[in-house]
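A short write-up of the structure that comes next.
Here is how names work: the chains are called A, B, and so on, in the same order as the sequence lines, proteins then strands, and each is numbered from 1. Remember, it's a predicted structure, so these values are computed and weren't measured experimentally.
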Amino acid sequence: MHRARLAATLLLPLLAAPLLATAAGAQQDAPPAVTARLACTTVALLPGCTNTLAVVLEVPEGWHVYAPCLNDTGLPLTLEPHLPEGWVSQAVSWPVPERLTEPGGLLDHVYTGRVVLPFHVRVPESAAGTRQTPSVHVEWMACRTACVLGRADVSLELPVAALRAAVDESPDANLVRQVRLPRALPEGGPLKAVLADGALVLSAPGAASLQFLPDADCAAPRDLLAEGAHDGGTLTLHLQPDAAGPVKGVVALAWPGDRPTDFFRVELPLDASPGSATRAPQPEESRHDP
Amino acid sequence: MIRDLRGARAPLLAVLTLAASGLALAQDAPAARSTPAAPAQTEAAPKTAKVGEAAPDFTLKDTEGKEHKLSDLTKAGKIVVLEWFNPDCPVSAGYHAKDNDVMLGLAGELRAKDVVWLAINSGAEGKQGSGQERNAKAAKDFALDYPVLLDGNGAVGRLYGAKTTPHMFVIGKDGKLAYAGAIDDGKPGAPGKTNYVREAVSALLAGKEVAVKESRAFGCGVKYAD
């Protein structure tokens, strides 16, 4: 079996350039050195297949960047792929964020530490045997007690394997595997999600706690800070009377003991009858093997 | 377990503080963990601002020590624009960069129509971009030609539900809150196509209904004490 050779230069990281540095007077929080790079789960791209790329941000300890959720503050991360002709990109698979409460009753959904943002690209067969350099423009706002804006253009030169070739995983494949992504809500699973009396009602018997992490375009809740997280197996999140659009987001379902937390994607149209939770489609799985 | 990040202080205290803060709010009240100014005995407890309802009254001092009382302005027939401001927030400061005329240009444009524009800094003492001295420097550095008011204990910010810098509020001559949200539908460094504040003020001046009454503001979180 033919194996494509390892690209001599796998990664071409570019250091993040602060877009606007904090002005004088914020010396207690020097601008963080958030770094960004582009990664691929394989050492070469497979033509005619879906491949997985990922933007990897390293956010310094104590700082956070903003997820594309229903936030009180902050500019969410944005990714703008610039791909070679004929490539097709799918949406970013956003990892599950964390709730962050701050003074003043402010609530945001954020990422900390190493942030891996995978997205799938379909590489055309015509690219077989060439070298290609996809790139992504990334923008973020990083905050601790102060905030800074940053941006970077990250790119990665990769060989494209021959048709029907097999390629090895790259060291970054494990990073992408570890990304905390929500699963589709299974029928008859541990979580029931319904809309009833103007509220999202989540129930998971035996759960230690529940959180609802709404997408940016989720129907507006009345009090997400107070009602978006709850100890125990039920959570009731009332919606604003004039709320529009579907109720959509991720449910984090924590269990007692060592049982790992479950993350489910929930999407319910506002006119949904009780029990009609719909399952959002999951991104197409990346093909690492021919 | 689910990780729930939390700032250093409990947010509930802010809500409780708000309920007791009263309508007359001293500009130079101590910031963090302090007892707010006593409410005026003849006035009802303040309500959080809501579009379509009476805008909460306040009195705050600018960098020159001059007091600005909202109800005095509306009684004088003024439309008032409030801009929540933090000179060290890159988003707020970005709107005052030399190549960005979104705030200053609009403030000048509206002032010519007898509209009052006030910036308010609700940052708590010791936090990013806070304090009268910082306001004064920012006013000079950014060539602001409108007052910058200090809300050091954050009471007015909480009354209005100001979350970000910038966060914009438009109050009509009738004293009612007509608009709350972002300045426009753009982002830092890229002015939007629709300036919500201009649209709201234009509608008020024309005696028409404000089309977009609320939008989602973005920026740095207001640096409240607790």
Checklist outcome for this item: residues 207-240 of chain A vs ring-ring contact (aromatic ring centres under 6.0 Å, His included), sequence neighbours excluded, gives none

Next on the checklist: Does the plane of the ring in B:Phe85 sit parallel, tilted or perpendicular to the ring in B:His96? Use 30° and 60° as the thresholds.
Outcome noted: perpendicular

Next on the checklist: Heavy-atom cut-off 4.5 Å, strictly under: side chain, backbone, both or neither for A:Asp258 against chain B?
Outcome noted: neither

Checklist entry - Side chain, backbone, both or neither: which part of A:Val96 has a heavy atom under 4.5 Å from chain B? => result neither

Checklist entry - Sequence neighbours excluded, which residues qualify as disulfide (SG to SG under 2.5 Å) partners of A:Cys69? => result none

Checklist entry - With only heavy atoms counted, which part of B:Lys223 is less than 4.5 Å from chain A, the side chain, the backbone, both or neither? => result side chain

Next on the checklist: Quick one, B:Leu106 with B:Glu83, criterion side chain to side chain contact (heavy atoms under 4.5 Å, CB included). Give me CA distance, side-chain angles, the key distance, then yes/no.
Outcome noted: CA-CA 12 Å; B:Leu106 182 59; B:Glu83 170 200 344; over 6 Å; no

